[in-house]
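Worksheet for the structure shown next.
Position 1 is the first residue of the sequence, and the numbers go up from there. Hydrogens, waters and symmetry mates are skipped; everything else that's a heavy atom, side chains included, is used.
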Amino acid sequence: MLDGLDRVWRAAEALAGADAGLRVRLGAARAELAAALRRPEQWPDGLLRQARGIARLLRVDGGLDPLDVLDAGLARQVAEDILSLVADVAAFAERGSAAAKATHAEAVAVPGPCLLVN
């Protein structure tokens, strides 16, 4: 798993917490997403565009925190968008893991039966 993408899991964990309201949980998820985006070169293009789109909605610009003025419906939608990103990251990781296993299996494949002659 790429380092930056690993932070996306933490964003999902922040959203799943039940110890705070949605806006507080979105704030924690925003911090994890911002940390994940610090190394954009690690992201596949499609996932990077998706993550940056979410980050733009949550970016503090000027002193006004969008989480302070976000209505409940939009807050839920942003949370759903983050969870969708998490699902897409999981699918990407699974594809990468399957490809790595296939490559490893090819590299260590044992040839068919052979005879040892003394």
Side-chain angles (χ1 to χ4, degrees):
M1 170 69 61
L2 302 173
D3 295 338
L5 298 181
D6 198 36
R7 299 299 291 255
V8 175
W9 299 111
R10 295 185 199 155
E13 290 171 353
L15 287 174
D19 58 341
L22 180 57
R23 285 184 176 82
V24 173
R25 291 180 284 146
L26 276 171
R30 171 178 57 194
E32 292 297 341
L33 188 57
L37 288 169
R38 285 189 190 121
R39 300 203 48 204
E41 72 279 359
Q42 291 187 341
W43 287 72
D45 289 337
L47 291 176
L48 181 60
R49 280 191 299 277
Q50 188 178 355
R52 282 181 170 165
I54 295 167
R56 272 192 293 278
L57 291 172
L58 298 175
R59 182 176 34 232
V60 176
D61 191 23
L64 181 62
D65 187 340
L67 293 178
D68 292 338
V69 295
L70 207 59
D71 71 46
L74 188 54
R76 280 191 304 277
Q77 182 60 53
V78 171
E80 289 173 13
D81 289 349
I82 292 171
L83 295 176
S84 178
L85 174 64
V86 171
D88 292 344
V89 166
F92 171 78
E94 185 62 33
R95 284 191 307 273
S97 176
K101 287 178 186 175
T103 301
H104 179 69
E106 291 171 7
V108 297
V110 178
C114 60
L115 297 173
L116 296 177
V117 179
N118 283 335

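Contact detail for W43 and A36: the closest heavy-atom pair is NE1-O, 2.9 Å.
The residue from I82, L47, D88, V89 that alone fulfils the side chain to side chain contact (heavy atoms under 4.5 Å, CB included) condition with V8 is V89.
When the salt bridge (Lys or Arg N to Asp or Glu O under 4.0 Å) test is applied to D81, no partner is found at least two apart in sequence or on another chain. Partners of R59 by side-chain contact (heavy atoms from CB on, under 4.5 Å), not counting sequence neighbours, listed by chain and number: R56. With sequence neighbours excluded, the residues that form a side-chain contact (heavy atoms from CB on, under 4.5 Å) with A55 are L33, L37.
The line from CZ of R76 to CG of D71 is 8.0 Å long, rounded to the nearest 0.5 Å. In this structure, CZ on R39 lies 13.5 Å from CG on L48, to the nearest 0.5 angstrom.
A continuous path of hydrophobic side-chain contacts links L85 to L74 [ILVMFWY only; heavy atoms under 4.5 Å].
Grouped by direct or indirect side-chain proximity (heavy atoms under 4.5 Å, Ile/Leu/Val/Met/Phe/Trp/Tyr only), V69 sits with L64.
Residue pairs meeting the salt bridge (charged side-chain N to carboxylate O under 4.0 Å, His left out) criterion with at least one partner in residues 25-38, sequence neighbours excluded, are R7-E32, R30-D65.
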Do any side-chain atoms of residues 13-21 form donor-acceptor pairs under 3.5 angstrom with protein atoms, and if so which ones, sequence neighbours left out?
none

